[in-house]
Protein chains: 2
Amino acid sequence: MAEQTKAARRTPLTRDRVLRAAVVLADDIGIEALSMRKLAQELGVVPMALYKHVANKEQLLDGMVDVVVGEIEPPVAGADWKSAVRRRILSARRALVGHSWAAQVIRTRSGPTPAVLAYMDSVIGMFRTGGFSVDLTHHAMHALGSRMMGFTQELFDASPGPDPRTRPARPQEDAGEYPYVRELAGAVAHDEGSVVGQGCDDQFEFEFALDLLLDGFERLRRQGWSSAGRSGGRTT
Amino acid sequence: MAEQTKAARRTPLTRDRVLRAAVVLADDIGIEALSMRKLAQELGVVPMALYKHVANKEQLLDGMVDVVVGEIEPPVAGADWKSAVRRRILSARRALVGHSWAAQVIRTRSGPTPAVLAYMDSVIGMFRTGGFSVDLTHHAMHALGSRMMGFTQELFDASPGPDPRTRPARPQEDAGEYPYVRELAGAVAHDEGSVVGQGCDDQFEFEFALDLLLDGFERLRRQGWSSAGRSGGRTT
DNA sequence: GTTGACGAGTGTACGGCGTACACCTACCGT
DNA sequence: ACGGTAGGTGTACGCCGTACACTCGTCAAC
């Protein structure tokens, strides 16, 4: 039974187990509080044990991104380019919203992991088979930016929140400055949320901007736009 | 002369001096290498001296953002809304490109500093006086997101770069996967840059997407769009 | 059955970080 | 002349990532 306790005492560590544990730990305590030491403790293991499975914390973060990206649904076949891209991006968004840290981590990676690259490849493919030139596809990908991964880049995160002290004072109810901000914030009116990003329907805002861009792409595609003219797409 | 050496030995610390020193230090060594200790050393002072002028590192970063935002040119008067907004955003971009860390820092602030708020207020004002409803202005601001501050959110930064080791292998020249990525990367062809974001004309990409959005806004404004319909702006 | 290599997990230690807290000291208004 | 105060100091604590040397269980080869 000694062997049994030993055998049962812990399932052996795996790169995969480490990454998944890191993901749920980051979900729980936030990405900035995630440390190798806490992760090791969560796994009932000494910190250095992790380094047998990931080279360093950077690679841990890379792996965590891949776990999340792996949750994106595969592309659907047989649809026009716009709805195909739209569905895929909204699926990516669905995968990312559950992990509020993912967007920030993805941005700080200095290059795409293979899983991300594969995802990008599939999106590019949708444009190309949808009749987009390489040129226009290229610029469309840039224009989408992080929106392609399903997260809009709001100016401020407004997500973590559990530490609202030492902030530079509520800008909300003080002096009568920022009249336009106040007007806009008042009109949004949901709850008492922050200036922008809180009390708003994030999903609607995301689709609003996404569709604005996709419609713009479609318009440029129809008129055979090319960057050679360098008009920048301006219509005025 | 003892007093003279003492007097001349150092100009007294100031919140402003601290912030400006932090900005140039971050410009030099990168934001992730910026520490209170290094900043103090740069100022010829003991680390704790800084805390007489900033409450903590978070507030230091807040202050650094305000310094950069302070470099944005004031708005120009008497122009149609679109070129006014366009000029202001491109000016913000000009202010931010010199400080490659600024975008990342702004994103990690949990709320807008007064200077940022003032800037946002002026942009909102441009939409409103340009004939936009509060509603459409609101969604336009969301759609602009961080682009309003002059930085596009590329998927990956590709900016720091001085530490290209321990990265998960060049995705460029290995197996024949990612055919679309390869096609696109090949077409861009400038240098040997990374998959996306390197070897591209960032300024062009920025204006391309910005104009796509501004044109979209204008179109919606003309047709009296309102979110009540919740069409999301789709045209198809 | 013994052995020896090997890989997973351990223990200790180092240097760097942010910052709490007590202290000193030069200056200034009274 | 003096007491308060604001700015700069020194020490120390607990956290971080991780280098490096180690133990120990497993398993293949003999």
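Note on naming: letters A, B, ... go to the chains in the order of the sequence lines (proteins, then strands), and numbering restarts at 1 for each one.
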### Task
Flag the pair Thr137(A) / Tyr180(B) as yes when at least one side-chain heavy-atom distance between them is below 4.5 Å, and no otherwise.
no
### Task
Compare the minimum distances between each of dT10(C), dA13(C), dA12(D) and the side chain of Val46(A), then state the nucleotide with the smallest one.
dT10(C)
### Task
Report the distance from atom CG of Leu34(A) to atom C1' of dC15(D), rounded to the nearest whole Å.
14 Å
## Note on the structure
Atom CD of Glu32(B) and atom C1' of dG16(C) are separated, to the nearest Å, by 15 Å
### Message
Using a distance-only criterion (donor-acceptor N/O pair, under 3.5 Å, no hydrogens), is the base of dG17(D) paired with the side chain of Arg37(A)?
### Response
yes
### Query
Tell me the salt bridge (charged side-chain N to carboxylate O under 4.0 Å, His left out) pairs involving residues 93-106 of chain B, sequence neighbours left out?
Glu73(B)-Arg94(B)
### Query
Lys57(B) has an atom NZ; how far is it from atom P of dC16(D), in whole Å?
16 Å
### Test: Arg182(B) and Glu177(B) ion pair at under 4.0 Å
no
### Query
Tell me, which pairs form a ring-ring contact (aromatic ring centres under 6.0 Å, His included) where one or both residues lie in residues 89-112 of chain A, sequence neighbours left out?
His99(A)-Trp101(A)
### Task
Rounded to the nearest angstrom, tell me the gap between atom CE in Met36(A) and atom C1' in dA19(D).
13 Å
### Message
Can you measure Leu50(A) atom CG to dA8(C) atom P for me and round it to whole angstrom units?
### Response
13 Å
### Message
Let me check the geometry of the helix from dG1(C)-dC30(D) to dT30(C)-dA1(D). What is the bend angle between the axes at its two ends, five pairs each, to 10°?
### Response
10°
### Task
Check the distance between dG7(C)'s C1' and Arg15(A)'s CZ and give it to me in whole angstrom.
17 Å
### Query
Between Phe204(B) and His139(A), does the ring centre distance come in under 6.0 Å?
yes
### Message
Applying a 4.0 Å non-hydrogen cut-off, can you work out what Lys52(B) is touching in the nucleic acid: base, sugar-phosphate, or nothing?
### Response
base
### Query
Does Arg17(B) offer a backbone N or O that forms a donor-acceptor pair with the side chain of Thr14(B) under 3.5 Å?
no
### Message
Side-chain N or O of Lys38(A) versus OP1/OP2 of dC15(D): is the shortest distance under 4.0 Å?
### Response
no
### Query
Say you draw a straight line from OH of Tyr178(A) to CE of Met120(B); how long is it, rounded to the nearest 0.5 Å?
11.0 Å
## Note on the structure
With the side chain defined as heavy atoms from C-beta on, Asn56(A) is closest, among dG8(D), dT18(D), dT10(C), to dT18(D)
### Query
In terms of the nearest nucleotide of DNA chain D, which residue is placed more toward the 5' end: Ala49(B) or Pro47(A)?
Ala49(B)
### Summary
Winner on side-chain proximity to Met48(A), out of dT12(C), dG9(C), dG10(D), is dT12(C)
### Task
Taking only the side-chain heavy atoms of Tyr51(B) (C-beta and beyond), determine which of dG18(C), dG9(C), dC16(D) contains the nearest atom.
dG18(C)
### Task
Could you tell me the separation between the CD atom of Gln41(A) and the C1' atom of dG9(C), rounded to a whole number of Å?
16 Å
### Query
Between dT19(C), dA8(C), dC16(D), which one does the side chain of His53(A) approach most closely?
dA8(C)
### Protein-nucleotide distance (Leu39(B), atom CG; dC17(C), atom C1'), rounded to Å
14 Å
